[in-house]
There are 2 protein chains.
Amino acid sequence: MVTKQFKGSPADADLRRADSLAREIFSDVANKWALLIIEALGERTLRFSELRDEVEGVSHKMLTQNLRMLERNGLVERKVHPTVPPRVEYTLTEPGRALRETVDTMCDWTHRYLGHIEASRRRFGA
Amino acid sequence: MVTKQFKGSPADADLRRADSLAREIFSDVANKWALLIIEALGERTLRFSELRDEVEGVSHKMLTQNLRMLERNGLVERKVHPTVPPRVEYTLTEPGRALRETVDTMCDWTHRYLGHIEASRRRFGA
DNA sequence: CAGGATCCTTGAGGATACTG
DNA sequence: CAGTATCCTCAAGGATCCTG
């Protein structure tokens, strides 16, 4: 297995690295909560508590966790107002907004095919 | 809580039902493996074993499980050839292909912002 | 070959309490 | 209010074995 690293050109290695990174990012982002958070943010700026109310069913922990992940990947910007009590606001960055558009499309898809899917489920139910 | 069902018109109830269904479908579909399977299928027809090779890292169990789910929702068609050994082929249906387009967009997004994200991660690393 | 069934482990994720 | 830390539970998911 170790010998594998000697196969292929350096360019190949770069491609593999980019691929594995892309894969990692995809895995980060392709999850229910992350996508729902992005969708909820939209063009708005929301506080932590507003976001928790907006994203129905999300737990305190999941919200924090996903927000950190999204921040780390540069999809949301986190702005802390040093007041008391603290006020923390989240906004989509440009990459975040770009991703949001594809999420929108996915939501549209869901609604467009609601009927198909419901019917299919009934058929399958047998 | 039970009294809740008396509030709102029947039309409201329909909307809520559709929403919860949409939400459920979204949760089904917005997961790593489902999206990777859809992406792997693309325009092709693949056998179970081909799919397992194609979707890197997926386990036997996850593959079966997600394929069943996708079939149930009518996103993939499952065709069994009654030969021995059996031959089972999976193909995206029309709704499946429609969803695939948004997945494609998501993949494009991933690659377009690879740099941004990598940079953001380094910054965040602190 | 496709895929169900079973067992087993790990970690996702909830609830709660505590801090700045 | 926002966030971290801790504990605890249950289910996601892997490995393995078995069948048509």
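Reminder, nothing fancy here: chain letters follow the sequence lines and each chain counts from 1.
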*May I ask you to say whether Arg121(A) pairs ionically with Asp28(B), meaning some side-chain N is under 4.0 Å from a carboxylate O?*
yes
*Tell me: NZ of Lys32(B) to C1' of dA12(D), nearest whole Å?*
12 Å
*Distance flag, aromatic centroids of Phe26(A) and His111(B), threshold under 6.0 Å*: no
*asked:* In this structure, how many angstroms lie between the C1' atom of dG3(C) and the NE2 atom of His81(B), rounded?
replied: 17 Å
*Where do Ile25(A) and Trp109(B) land on the side-chain contact (heavy atoms from CB on, under 4.5 Å) test, with the steps shown first?*
CA-CA 10 Å; Ile25(A) 294 168; Trp109(B) 175 89; 4.0 Å; yes
*In whole Å, what is the span from the CG atom of Leu63(B) to the P atom of dA12(D)?*
17 Å
*Report the distance from atom CD of Glu89(A) to atom P of dG3(D), rounded to the nearest whole Å.*
11 Å
*Would you indicate whether Glu56(B), at its atom CD, is surrounded by more than 12 heavy atoms from other residues, nucleotides or ligands within a distance under 6.0 Å?*
no
*Give a yes/no answer on whether the side chain of Arg78(B) brings an N or O atom under 4.0 Å of OP1 or OP2 in dG3(C).*
yes
*Please determine if Arg123(A) and Glu71(B) form a salt bridge, counting it only when a charged side-chain N lies under 4.0 Å from a carboxylate O.*
no
*asked:* Assess the residue pair Arg100(A) and Asp104(A) against the criterion (salt bridge (Lys or Arg N to Asp or Glu O under 4.0 Å)); give the C-alpha distance rounded to whole Å, side-chain angles, the decisive distance to 0.1 Å, and a yes or no.
replied: CA-CA 6 Å; Arg100(A) 186 199 164 223; Asp104(A) 278 347; 3.6 Å; yes
*Do Glu50(A) side-chain atoms and Arg47(A) backbone N/O form a donor-acceptor pair below 3.5 Å?*
yes
*Side-chain heavy atoms of Ser120(A) within contact of Asn73(B), under 4.5 Å*: no
*asked:* Can you measure Tyr90(A) atom OH to dA2(D) atom P for me and round it to whole angstrom units?
replied: 8 Å
_salt bridge (charged side-chain N to carboxylate O under 4.0 Å, His left out) contacts touching residues 75-90 of chain B (sequence neighbours left out)_ = Arg87(B)-Glu89(B)
*Can you tell me the distance, in whole Å, between the CE atom of Met62(A) and the C1' atom of dA11(D)?*
14 Å
Strictly under 3.5 Å: I want the nitrogen or oxygen pairs between protein and nucleotides 15-19 of chain C, one per line.
none

*By nearest nucleotide on DNA chain C, pick out whichever of Arg68(B) and Pro86(A) is the more 5' one.*
Arg68(B)
*Quick one: Asn31(A) CG to dG13(D) C1', roughly how many Å, whole number?*
16 Å
*Tell me which of Arg87(A) and Pro85(B) sits closer to the 5' end of DNA chain D, going by the nucleotide each one is nearest to.*
Arg87(A)
*Atom CD of Gln65(A) to atom P of dG3(D): distance rounded to whole Å?*
14 Å
_Residue-level proximity of residues 36-58 of chain B to DNA chain D when a heavy atom falls under 4.0 Å_ = none
